[in-house]
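By convention in this document, chain letters (A, B, ...) are assigned in the order of the sequence lines, proteins followed by strands, and residues within each chain are numbered from 1.
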Amino acid sequence: MSQPKTLFDKLWDAHVVKKSEGYPDVVFIDRHFIHEVTSPQAFDGLRKRGIPVFNPSRTTAVPDHNVPTLEQHLPIKEALSRHQVETLRKNTAEFGITLYDLGHPYQGIVHIIGPELGLTLPGMTIVCGDSHTSTHGAFGNIAFGIGTSEVEQVLSTQCILQYRPKTMRIEINGTLGKGVVAKDIILYVIAKISASGATGYFVEYAGDAIRNLSMEARMTICNMSIEMGARGGLIAPDETTFNYIKGRKFAPQGAEFDRKVEEWKKLKTDEGAQYDAVLKYDAADIAPMITYGTNPGMGIKVMDRIPTVEELKDVSEQTSFKKSLEYMGLEPGSQLLGKAIDYVFIGSCTNARIEDLRAVASLVKGRKKAENVEVWVVPGSKQVEAQARQEGLDKVFEAAGFQLRQPGCSACLGMNEDKIPAGKYCISTSNRNFEGRQGPKSRTFLASPLSAAAAAITGKVTDVRSLV
Amino acid sequence: MSKEKFTTLKSSAVPLPIENIDTDQIIPARFLKATTREGFGDNLFRDWRYNADDTPKADFVLNDKTYAGKILVAGKNFGCGSSREHAAWAIADYGFRVVISSFFADIFKNNALNNATLPIQVSDAFLKSVFALIEKDPHTVITVDLENQRVTLADGTSESFDINAYKKTCLTNGYDDIDYLLSLREEIRQFDAVH
Ligand code: SF4
């Protein structure tokens, strides 16, 4: 019998076109997503070399990072954003790549539309010039973010050069408490191992607490793998995965689907396979989480206090810690609970799928937002937006004083007009709380959609368990 | 397409003793709107370097004439966050050819190497002594020898660093990955047909 292998290793081995001593592996890429920000220079590279796209049918393009979230039918006002989106249009037309342009019913954030359209499937290798490509790993595939030079590699050869990363297994067992959701699981893990704790690794999430999650919740977890430094994260596919894929636009259909499911069922880690690192956590220990600092590892349970300088494990972190709290306008050792906020952003590829919007709506139904806050709900895609309207969630949001906008990355990174003003506090369902991420000098608290909705109602950092 | 070749570099360095410098600090998202690779150096560390009214912040190291050179020395976990290659372009465009830190985020490391910039990972203790030497003498010269994979300080102490053999060959010869991949086109074509 051959050596037992991890799922990651099986998938990797199945995609290596060439392996040579002293060289990185040549890895074949099944599915490539591109957007307007990290692709223009790659297309320029192809033009300079005078070569076509190797296999245009394996690349799908969508504008998302720059797009306005109001009045998308009008030309984009901001000249540079408009230019980037127009460049994507021009490049995809010239090189024969499918584009879901603004206004198209499939447009949305790249990591939301891939799974939604059945383009993201188990067993694949998937890349995109965007670090949150790790999201797709929820389907049991190898998905990771790449830089523009690598986008150029994929466009020109459908391969990239990569060294095989180490593997890590993160196992969560047990039952989650009331008001605790997938976002809390991942913020908890990152707080435990820090923003660089999984650097060099590819993570597999396992355990019954992960198995019991819906596909959308699994995507939230895999999405944030990169926030602990991991190249990507994956979850072995199961019935939940197959049911999600069934009937999606570009997924295999009918008998072909059934045949594929039989293949996908084999995609799991063998008994006894070795990982380079294994971590285990108890779901019962996880509470609603919130970040207080300027990297996603700086998180606490919402009822806990921020650490003091003395409590830091690593002395070398003290300077960064102090700088971070100064930026956030917070005191070491203080409590976040009850801290007044100014904005609530519900959106991004982490938490802008229909289940996220439903969770928010179920909490705010019959309630109103606090006077002092502005609330933006930015759906992850046109399909999510349409579904929300069909289910009447738009009415719930409107009654609560929330603004339902049009799809895009929006205030997750503030490349469009949706910026949090300097000095203001925003509780956000996105994935990064870096300095200035949501706009120059903006201050971000990362939390789950439920926690964000609770804060919208009370106007301050709230333990959502007091409202459910 | 060939890039500038890298062999040995002797230069003074610019110190940035901050940990977890993420790519949003290296180049904020609002400057990612260009569609070419050039010019990003002007906005390197934009929000640390300039006030809201675009006047330079006197206390930021890039605005301090005391420090200059082709080597950037930064705290642990440099380049975490977004995969934007613009961060590597900004660093290269500003004129840095080497970044020294005690830890690098993966994607940044790749991106830097793909743009003829050498990320050198040293021990915490060595990094500390680099910072200390620069503090004592801002013009202190650091020698980076790629061939022998060694970085040497003015006081004679040195440390070896890792770089994979393939990337080393690329850097010393000015090759790029696509040249290599294109040579495998036929094998890839066959692989594509059955996948
Ligand atoms: S929503 Fe945010 S994290 Fe996700 S792809 Fe867009 S900018 Fe990146």
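Heavy-atom pairs under 4.5 Å with chain B peak, among A:K441, A:H15, A:M124, at A:H15. Options A:C159, A:S39, A:G145, A:G129 differ in how many heavy-atom pairs under 4.5 Å they form with chain B, and the most are formed by A:C159. In terms of heavy-atom pairs under 4.5 angstrom with chain B, the leader among A:D44, A:V26, A:T38 is A:V26. Counting heavy-atom pairs closer than 4.5 Å to chain B, the top-ranked of the candidates A:G436, A:G229, A:P440 is A:P440. Across A:I29, A:L80, A:T157, A:I146, the residue that shares the most heavy-atom pairs under 4.5 angstrom with chain B is A:T157.
Distance check: B:E85 CD to A:E152 CD gives 9.0 Å after rounding to the nearest 0.5 Å. In this structure, A:S149 OG and B:N110 CG are separated by 9.5 Å, a value rounded to the nearest 0.5 Å. Separating the OH atom in A:Y23 from the OG1 atom in B:T169 is a distance of 6.5 Å, to the nearest 0.5 Å. Within the model, atoms CZ of A:R432 and SG of B:C80 stand 8.0 Å from one another, a figure rounded to the nearest 0.5 Å. If you take CG on B:N77 and CG on A:N295, they are separated by 8.0 Å, rounding to the nearest 0.5 Å. Here the CG-CG distance, from B:L32 to A:N66, works out to 8.5 Å after rounding to the nearest 0.5 Å.
Contacts between B:K109 and chain A at a heavy-atom distance below 4.5 Å are absent for every atom of the residue. Only the backbone of B:A34 comes within contact range of chain A, with heavy atoms under 4.5 Å apart. Of the atoms belonging to B:E187, heavy atoms from both backbone and side chain fall under 4.5 Å from chain A. In this structure, chain B has heavy atoms under 4.5 Å from both the backbone and the side chain of A:S131.
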message: With side-chain hydrogen bond (donor to acceptor under 3.5 Å, both in side chains) as the criterion, how do A:E435 and B:W48 come out once you've worked through the C-alpha distance, each side chain's angles and the decisive distance to 0.1 Å?
response: CA-CA 10 Å; A:E435 284 185 29; B:W48 289 348; 3.1 Å; yes
query: Run the side-chain hydrogen bond (donor to acceptor under 3.5 Å, both in side chains) check on A:T319 and B:E19 step by step: do they pass?
result: CA-CA 8 Å; A:T319 321; B:E19 297 187 349; over 6 Å; no
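The closest side-chain heavy-atom distance from B:P28 to A:M415 is not below 4.5 Å. Looking only at side-chain heavy atoms (C-beta outward), B:K76 and A:E317 come within less than 4.5 Å of each other. The closest side-chain heavy-atom distance from B:R84 to A:L413 is below 4.5 Å.
The pair A:R231-B:D106 does not meet the salt-bridge criterion, since no charged nitrogen lies less than 4.0 angstrom from a carboxylate oxygen. A salt bridge links B:D192 with A:R58: the closest approach of a Lys/Arg side-chain nitrogen to an acidic carboxylate oxygen falls below 4.0 angstrom.
For residues 133-166 of chain B, heavy-atom neighbours of chain A at less than 4.5 Å comprise B:N164, B:A165, B:Y166, sorted by residue number. Along residues 54-61 of chain B, the residues that come nearer than 4.5 angstrom to chain A, judged on non-hydrogen atoms, are B:K57 in order of number.
Partner of B:K33 under the side chain to side chain donor-acceptor pair (under 3.5 Å) criterion, chosen from A:E78, A:E36, A:H65: A:E78.
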